[in-house]
Amino acid sequence: MFSLGNIIKSGRLPAFILPVSKTLPPKPASSGRRRDRGMWQPTKLELERWEKAQRLQAKGYELYPARIERTHRIAEAIALFLRAETDAATTDIGVTVTGRIRRLNSKGKVSFAHIEDESGRVQLFLRINALGEESYELIRRKLIDVDDFVQASGAMMRTRTGEVSVNTSELRLISKALTPLPVIKEQRRADGSVIEYGEFKDSESRYRQRYADLAVNKSVREIFVKRARAIKALREFLDGEGMLEVETPILQPLYGGAAARPFSTHHNQLRQDLYLRISFELYLKRLLVGGYDAVYEIGRDFRNEGVSYKHNTEFTMLEFYKAYIDYKGVMDITERMFAYAAEQVTGSARITYQGAAINLAPPWKRVSIRDAAQELLGFDYMDYPTSETLYAHLDSRGLAEGLAPGDTWGRMIVEHILGKHIERHLIQPTIIKDYPRDMSPFAKGIQGTSADEKERRYLESHTERFEFFIAGMEMGNAFTELNDPRDQQARFVDMKRLYADDADETTPLDEDYLNAMRYGMPPNGGFGSGVDRMVMLLTDQTSIRDVLLYPHLRSQQLTEADLRGQFMLDAAVRGMEYRLDHQMEGSKRQIALYLPAREIGVEFRLANALEGSLAQLQNLRQAFEGDLYVMTDEALYRVDEDLIEIVAADFWQTLT
RNA sequence: GGGCGCGUGGCGCAAUGGCAGCGCAGUUGACUUUUAAUCAAUUGGUUGCAGGUUCGAGUCCUGCCGCGCUCACCA
């Protein structure tokens with residue numbers, strides 16, 4: 001309510017020269033981590049650059065011209081020159097290249113710079129005779145800084161040490177960087193390897209200011225190029241399989257298709273509660289009813305859950321559904337698709353992940369969850385057919401840690417036996433198939449019968465579902481899709497009954513989906529996979545946040561200085577004078593904002609620091625002739641016998 | 001949500017409870033083929049926020065904020 005951020009946004013002046021107060025120029029921020037919250041306050045380095053910008057402008061230079069010339073990307077210019085060197089009569093190649101200055105060193109009347117565009121880096125050879133004194137002085141006096149974007153024209157050449165360079169005859173500033181990027185210097189060894197000195201690695205700063213991360217860390221830029229290539233490869237592959245790419249609603253009146261808690265939102269005009277989708281499943285399968293043979297969607301899912309190295313609140317999902325195949329058909333497609341994506345991104349289906357060689361080429365190991373448990377833990381869980389007996393057995397073997405005795409049988413097998421004891425061993429791609437029925441409400445039961453009592457029970461209690469694991473990480477989930485509307489209805493009821501107390505596990509009954517199924521849905525196999533995890537695998541990253549450009553982070557907290565800044569703006573806009581002075585004895589806190597004309601003091605506290613400070617505030621109030629208010633990030637209070645909440649608008653009203 | 005760890009100039013880091021330091025970057029000057037250029041001089045800090053203990057707190061205690069790891073949660 002105090003925010004006047006729009007003034008800053010629309011203003012022609014930068015915040016720090018906004019004439020808020022003659023006696024109180026905003027001080028440079030002491031920490032860069034504060035910069036991206038609240039009001040921008042320039043650091044010393046930023047002030048220096050701003051001052052340079054003013055000087056350039058005063059000399060008549062355009063800092064941010066609209067029209068730029070460029071004849072070649074940097075890599076093209078270099079390639080052209082190298083080709084000319086080997087087989088052309090002349091190496092006289094004139095180019096105009098553009099890019100960001102990444103290194104600049106002046107040796108008096110000659111200087112060297114490296115500029116970088118997306119394609120690569122080239123050295124500029126800058127001589128006072130070639131550039132002219134005026135232009136050269138911009139470099140020598142560093143009015144043009146590292147990080148600025150420039151346009152350079154000249155003939156390609158080699159310097160004495162052999163580096164391909166642009167013998168620059170014309171240099172033009174095309175965008176001034178007012179905030180310097182973190183400094184990273186590179187040393188190129190004779191063998192072509194590059195050693196970096198200095199780094200920008202604080203993960204919080206990197207994620208919050210991804211633009212700076214990308215600008216200085218080339219390896220980070222490369223990850224997102226690979227990500228784009230991976231997603232393109234998935235589309236190519238699925239299109240090649242004859243599948244149709246579709247888009248389904250993100251805002252849904254009912255969520256479903258997965259066991260997860262949704263985000264909810266509200267449509268004002270329609271007065272309708274909506275959910276952000278947790279999967280695409282139910283909408284995609286409706287399309288098979290409509291007559292498409294195979295559909296897929298790549299898009300964003302939202303799940304209201306904790307975050308981890310492999311979970312982000314929003315993530316990119318791939319789902320496809322194909323008629324007339326079962327889960328074995330889906331397995332075949334899965335194997336070929338991953339191998340194809342790996343080849344497109346890394347050049348081979350054999351990849352390395354965290355030092356482990358992983359071969360994604362088909363065929364993958366396929367094993368039932370029952371056999372996998374038998375193999376790794378040495379017992380057949382079908383010998384313990386109830387949750388009580390299974391728990392007792394796991395407990396007796398010391399395998400029950402973290403398992404709740406009240407869990408369902410299926411959950412014990414999938415979440416505990418598979419999730420806790422098997423999953424992390426699955427480094428090579430492995431398909432784990434045939435899941436307990438109560439964990440798989442959209443999968444068809446396993447086909448077939450058996451005369452043997454135990455085997456019959458097994459078949460009845462399991463479904464044609466598989467998940468696949470690579471590098472110890474679950475990568476996706478698929479099944480022979482349930483298309484019997486009578487069975488599907490029973491599953492909704494089963495889920496509700498089994499997980500009545502567990503809001504996370506229930507899937508709401510979607511009557512329209514059942515309605516679609518009653519029209520007849522072709523038999524089909526379906527597939528879902530977290531694309532971000534696939535990208536982690538193909539780019540050798542251990543955290544999902546490193547394959548997301550903007551991973552979800554908590555918003556940063558305001559500081560008291562931010563509150564004060566907002567208040568100062570509000571006061572300045574109303575033409576009020578104020579001072580930052582009042583001292584309070586016997587405490588480190590000595591500052592309150594003082595409006596002398598009205599004899600009103602305002603103190604700033606974060607709401608969570610307000611409790612217990614009443615006595616202190618009352619002491620401070622003694623120091624004023626008039627009233628003392630305390631402003632927090634949540635409300636404004638008048639300090640009296642108690643803290644009395646004031647409507648901010650009323651407060652300003654009484655002053656004006 | 002629980003446990004552990006971290007938060008110090010723009011970036012990377014140091015500092016047995018006792019003067020807040022270093023490298024890079026920045027600023028000023030020198031240098032016409034450098035490349036982590038070099039040389040000389042030099043600026044910059046309320047140590048994440050708030051409270052407490054103490055003659056004295058970056059350091060100890062409490063609360064809060066953020067990030068990381070981990071567990072829980074999680075197709």
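Given the structure is predicted, the values throughout are model-derived calculations rather than measurements. Because only heavy atoms are used, hydrogens play no part in the values below, and waters and symmetry mates are left out as well, while side chains stay in. Numbered from 1 within each chain, the chains take letters A, B, ... in sequence-line order.
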[X] side chain near [N] phosphate (N/O to OP1/OP2, under 4.0 Å):
X	N	result
Arg545(A)	C67(B)	no
Lys142(A)	U27(B)	yes
Lys185(A)	C11(B)	no
Lys420(A)	A72(B)	yes
Arg189(A)	A36(B)	no
Arg411(A)	C74(B)	yes

Side chain of [X]: nearest nucleotide among [options]?
X	options	value
Leu45(A)	G26(B), U70(B), C31(B)	G26(B)
Arg141(A)	G29(B), U33(B), G66(B)	G29(B)
Arg208(A)	G12(B), A25(B), G66(B)	G66(B)
Tyr207(A)	G26(B), G68(B), U32(B)	G68(B)
Val183(A)	A25(B), C13(B), U33(B)	A25(B)
Glu204(A)	G66(B), A37(B), U27(B)	G66(B)
Asp145(A)	U33(B), C74(B), U27(B)	U27(B)
Glu415(A)	C74(B), G26(B), U33(B)	C74(B)
Leu553(A)	G68(B), U34(B), G10(B)	G68(B)

For [X] and [N], what is the distance between atoms [atom1] and [atom2] respectively, to the nearest whole Å?
X	N	atom1	atom2	answer
Arg140(A)	A30(B)	CZ	P	7 Å
Lys107(A)	U33(B)	NZ	C1'	8 Å
Arg206(A)	G66(B)	CZ	C1'	17 Å
Arg121(A)	U34(B)	CZ	C1'	15 Å
Leu418(A)	C74(B)	CG	P	14 Å
Tyr136(A)	U32(B)	OH	P	8 Å
Met475(A)	C74(B)	CE	P	21 Å
Asn304(A)	A72(B)	CG	P	20 Å

Interatomic distance at [atom1], [N] relative to [M], whole Å:
N	M	atom1	value
G44(B)	C24(B)	C1'	14 Å
U47(B)	G21(B)	P	13 Å
C64(B)	U70(B)	C1'	22 Å
G48(B)	C65(B)	C1'	7 Å
G3(B)	A14(B)	P	26 Å
U27(B)	U43(B)	P	15 Å
C60(B)	U53(B)	C1'	8 Å
A20(B)	G68(B)	C1'	26 Å

[X] side chain vs [Y] backbone, donor-acceptor pair below 3.5 Å:
X	Y	result
Ser169(A)	Ala130(A)	no
Asn217(A)	Phe200(A)	yes
Arg437(A)	Gly445(A)	no

Q: Determine whether more than 12 heavy atoms belonging to other residues, nucleotides or ligands lie under 6.0 Å from atom NZ of Lys218(A).
A: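 Open.
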Aromatic rings [X] and [Y]: how do their planes relate, parallel, tilted or perpendicular, breaks at 30° and 60°?
X	Y	result
Tyr327(A)	Phe466(A)	tilted
Phe112(A)	Phe125(A)	tilted
Phe527(A)	Phe468(A)	parallel

Q. What closest approach, in Å, do Leu178(A) and Arg49(A) show between heavy atoms, and which atom pair accounts for it?
A.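 Looking at all heavy atoms of both residues, the closest pair is O-CB, 3.6 Å.
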Donor-acceptor pair present, [X] side chain and [N] base, under 3.5 Å:
X	N	answer
Lys44(A)	U43(B)	yes
Glu163(A)	U33(B)	no
Arg160(A)	U32(B)	no
Asn129(A)	U32(B)	yes

Students often get this wrong, so: under 4.0 angstrom with heavy atoms, is [X] touching a base, only sugar-phosphate, or nothing?
X	value
Gln123(A)	base
Lys201(A)	sugar-phosphate
Arg103(A)	base
Ser308(A)	nothing
Tyr197(A)	base
Ile184(A)	nothing

Q. Pick the nucleotide of RNA chain B nearest each of Ser203(A) and Ser165(A); which residue has the one closer to the 5' end?
A.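 Nearer the 5' end of the strand: Ser165(A).
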Q. Relative to the 5' end of RNA chain B, which residue comes earlier, Leu181(A) or Gln187(A), by the nucleotide with the nearest heavy atom?
A.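 In this pair, the answer is Leu181(A).
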Q: Taking Watson-Crick and G-U wobble pairs with both distances under 3.5 Å, convert RNA chain B into its dot-bracket string, 5' to 3', dots for unpaired and | for cross-strand pairs.
A: (((((((..((((....[..)))).(((((.......))))).....(((((..]....))))))))))))....
Q) Is any side-chain N of the basic residue among Glu305(A) and Arg303(A) closer than 4.0 Å to the acidic one's carboxylate O? A)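 Looking at Arg303(A) together with Glu305(A), the answer is no, because their closest N to O distance does not fall below 4.0 Å.
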Q) Are side-chain N/O atoms of Ser264(A) and Tyr255(A) paired as donor and acceptor at under 3.5 Å? A)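 No - no donor-acceptor pair under 3.5 Å links their side chains.
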(Q) Just to verify, what does Phe469(A) make a ring-ring contact (aromatic ring centres under 6.0 Å, His included) with, not counting sequence neighbours? (A)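 Expected list: none.
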